A.B. asks: 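Got a structure here, written out as structure tokens. Questions coming.
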Protein chains: 2
Amino acid sequence: MVQDSDAFAADLLRGHTDTIVLGVLRRGESYGFEIYKTIRDATGGAHEIKEATLYATYRRLEKDGLVESFWGDETQGGRRKYYRITDAGRAVYARNVAAWAATRDIIDSLLIERH
Amino acid sequence: MVQDSDAFAADLLRGHTDTIVLGVLRRGESYGFEIYKTIRDATGGAHEIKEATLYATYRRLEKDGLVESFWGDETQGGRRKYYRITDAGRAVYARNVAAWAATRDIIDSLLIERH
DNA sequence: TCGATTACTTGATGAGATACAGTACTCGAC
DNA sequence: GTCGAGTACTGTATCTCATCAAGTAATCGA
């Protein structure tokens, strides 16, 4: 739906979710809902990544061995599942950031008029 | 498949294909295969958008009224279907470029370390 | 106690990109 | 004179990712 700017905005972030989550975890362990809030707040609410999207992302990252998870030992309060980035995750993160920089410049050159 | 850098590269362009095609057509009429070559050459072969993807994109853009098409009058040689951007297409293009710039900066801020 | 917030889960849906296969014409090399 | 490479377009099936929608369950302030 090209004409729907909200739907379009969602698709603009597509493909970057994994890398964004890895970027958050690179600064330290965190749990699902906190990662969600970190991303939401970092964009000033402009580009929220939906909870369902993120929880699916965590599962994918863990399946691929890029993060590992463990339940927090909160004796009271709701349970929290924590995530920690692995060495493989750090390697993929570095590679993806480099790929992003290259792609960003390519799209820029395709879209922005040269003079 | 996060670990597959080719598949990942593809997903980085995802959501921008429409805008990239509109960007090419904004410089003048062109036909399907030529648009494909223009994009492939502009990226130095680093980010080829597959033919099947582009032909699907043309159909979507035409359905949405962002481009119009007509068959070239090649009396000999293979037939070519030409595309021309519409006023609606130009408006969407302008909007999408602005959206791209905003998203680019957000992803940058999420991925690139501040200091 | 009641609603808002925190925190996580699951199933269904849909769009976009690609794989794969196919049709058909042109043109240079051998 | 034909064979392969390149040009040019089409259609179908499949996959991933993002989201919607709905749900479970606990905490906490008014």
Side-chain angles (χ1 to χ4, degrees), chain A residues 1-21 30-41 47-64 66 69-83 96 103, chain B residues 1-21 30-41 47-64 66-67 69-83 96 103 107:
Chain A
M1 217 158 307
V2 181
Q3 315 245 27
D4 180 331
S5 57
D6 284 340
F8 186 73
D11 245 18
L12 287 183
L13 282 177
R14 194 189 185 100
H16 304 291
T17 308
D18 291 12
T19 310
I20 290 168
V21 169
S30 187
Y31 58 91
F33 201 69
E34 193 180 46
I35 297 169
Y36 162 73
K37 284 184 294 180
T38 300
I39 295 170
R40 188 191 59 192
D41 296 348
H47 280 270
E48 182 191 18
I49 300 179
K50 299 294 182 292
E51 278 183 79
T53 302
L54 287 174
Y55 285 108
T57 299
Y58 304 149
R59 264 176 260 132
R60 186 170 57 245
L61 290 176
E62 187 164 21
K63 181 174 69 60
D64 290 343
L66 307 186
S69 72
F70 54 97
W71 287 102
D73 58 354
E74 288 80 23
T75 44
Q76 72 247 32
R79 62 197 178 140
R80 292 171 171 173
K81 197 184 217 175
Y82 283 83
Y83 295 94
N96 287 2
T103 304
Chain B
M1 218 159 307
V2 183
Q3 314 244 29
D4 181 331
S5 58
D6 284 341
F8 186 73
D11 245 17
L12 287 182
L13 284 175
R14 193 186 186 101
H16 304 291
T17 308
D18 290 12
T19 311
I20 290 169
V21 169
S30 188
Y31 59 91
F33 201 70
E34 193 179 47
I35 297 170
Y36 162 73
K37 285 183 293 179
T38 299
I39 295 171
R40 188 191 58 190
D41 296 348
H47 282 269
E48 182 191 17
I49 301 178
K50 299 293 182 295
E51 278 183 78
T53 302
L54 287 174
Y55 286 108
T57 299
Y58 304 151
R59 266 176 257 133
R60 184 171 57 246
L61 290 175
E62 187 165 22
K63 182 174 68 62
D64 290 343
L66 306 186
V67 305
S69 70
F70 54 96
W71 287 101
D73 58 354
E74 289 79 25
T75 44
Q76 69 249 33
R79 59 193 181 145
R80 293 172 171 172
K81 197 184 218 174
Y82 284 82
Y83 294 94
N96 287 2
T103 305
I107 298 181

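Everything quoted here is computed from the prediction, not taken from an experiment. Letters A, B, ... mirror the listed sequences (proteins, then strands); counts begin at 1.
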A.B. asks: Indicate yes or no: at least one non-hydrogen side-chain atom of A/D18 is less than 4.5 angstrom from one of A/R60.
C.D. replies: yes
A.B. asks: Measure from CZ on A/F33 to P on C/dT5 and round the result to the nearest Å.
C.D. replies: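 Rounding to the nearest Å, CZ of A/F33 and P of C/dT5 are 10 Å apart.
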A.B. asks: B/I49 side chain: which of D/dA18, C/dT10, C/dT18 is closest?
C.D. replies: C/dT18
A.B. asks: What is the distance from OH of B/Y83 to C1' of D/dT10, rounded to the nearest Å?
C.D. replies: 10 Å
A.B. asks: Between D/dT16 and A/R14, counting only base atoms on the nucleotide and side-chain atoms on the residue, is there a donor-acceptor pair under 3.5 Å?
C.D. replies: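 Checked by distance alone, the answer is yes.
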A.B. asks: Taking atom P of C/dT5 as reference, at what distance in whole Å does atom CG of A/D41 sit?
C.D. replies: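 After rounding, the reported distance stands at 14 Å.
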A.B. asks: Can you find a pair of side-chain heavy atoms, one from B/Y83 and one from B/E62, that are under 4.5 Å apart?
C.D. replies: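 Yes, close enough: below the 4.5 Å cut-off.
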A.B. asks: Take the protein atom OH of B/Y58 and the nucleotide atom P of D/dC9, then report the distance between them rounded to whole Å.
C.D. replies: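 Going from OH in B/Y58 over to P in D/dC9 covers 8 Å.
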A.B. asks: If you check every side-chain atom of A/Y55, which of D/dT19, C/dA7, C/dT18 has the closest atom?
C.D. replies: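 Comparing D/dT19, C/dA7, C/dT18 against the side chain of A/Y55, the answer is C/dA7.
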A.B. asks: With the side chain counted from C-beta on, respond yes when B/F70 and B/K81 share a heavy-atom pair under 4.5 Å apart, and no when they do not.
C.D. replies: no
A.B. asks: Any idea which of D/dC9, D/dT19, C/dT9 is nearest the A/R79 side chain?
C.D. replies: C/dT9
A.B. asks: Without decimals, in angstroms, what is the distance between B/L54 CG and D/dG11 P?
C.D. replies: 16 Å
A.B. asks: Measuring only between side-chain heavy atoms, which start at C-beta, is B/Y58 closer than 4.5 Å to B/V21?
C.D. replies: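 Of all side-chain heavy-atom pairs linking B/V21 with B/Y58, at least one is under 4.5 Å.
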A.B. asks: Give a yes/no on whether any side-chain N or O of A/Y31 is located under 4.0 angstrom from OP1 or OP2 of C/dC8.
C.D. replies: no
A.B. asks: Does a side-chain N or O from A/K37 land closer than 4.0 Å to OP1 or OP2 of C/dA7, or not?
C.D. replies: yes
A.B. asks: Quick one: B/K63 NZ to D/dT10 P, roughly how many Å, whole number?
C.D. replies: 16 Å
A.B. asks: Check whether any side-chain nitrogen or oxygen of B/T17 sits under 4.0 Å from OP1 or OP2 of C/dA17, and answer yes or no.
C.D. replies: yes
A.B. asks: Roughly how many Å is it from OH in A/Y82 to C1' in C/dC8, rounded to a whole number?
C.D. replies: 14 Å
A.B. asks: Given C/dT18, D/dT7, D/dT10, which nucleotide is nearest the side-chain atoms of B/R80?
C.D. replies: D/dT7
A.B. asks: Nearest to the side chain of B/R59, heavy atoms from C-beta on, is which of D/dA18, C/dA19, D/dG11?
C.D. replies: D/dG11
A.B. asks: Nearest whole Å is fine: how far is D/dG11 C1' from B/K50 NZ?
C.D. replies: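 About 19 Å, once rounded to whole Å.
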A.B. asks: Tell me what A/Y36 touches on the nucleic acid: a base, only sugar-phosphate, or nothing, going by heavy atoms under 4.0 Å.
C.D. replies: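 Nothing: the residue A/Y36, judged by heavy atoms under 4.0 Å, touches no strand.
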A.B. asks: With a non-hydrogen cut-off below 4.0 angstrom, is B/E51 in contact with a base, only sugar-phosphate, or nothing?
C.D. replies: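 Counting heavy atoms under 4.0 Å across all strands, the contact made by B/E51 includes a base.
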A.B. asks: Side-chain donor-acceptor pair under 3.5 Å between A/Y36 and A/E48, yes or no?
C.D. replies: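 Side-chain D/A pair, A/Y36 to A/E48: present.
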A.B. asks: Measuring from the side chain of A/K81 (C-beta onward, heavy atoms only), which nucleotide among D/dC9, C/dC8, C/dA17 has the closest atom?
C.D. replies: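 Closest of the options to the side chain of A/K81: C/dC8.
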A.B. asks: Do B/R79 and B/W71 come within less than 4.5 Å of each other through their side chains, counting heavy atoms only?
C.D. replies: yes
A.B. asks: B/W71 side chain: which of D/dG11, D/dC9, C/dT6 is closest?
C.D. replies: D/dC9
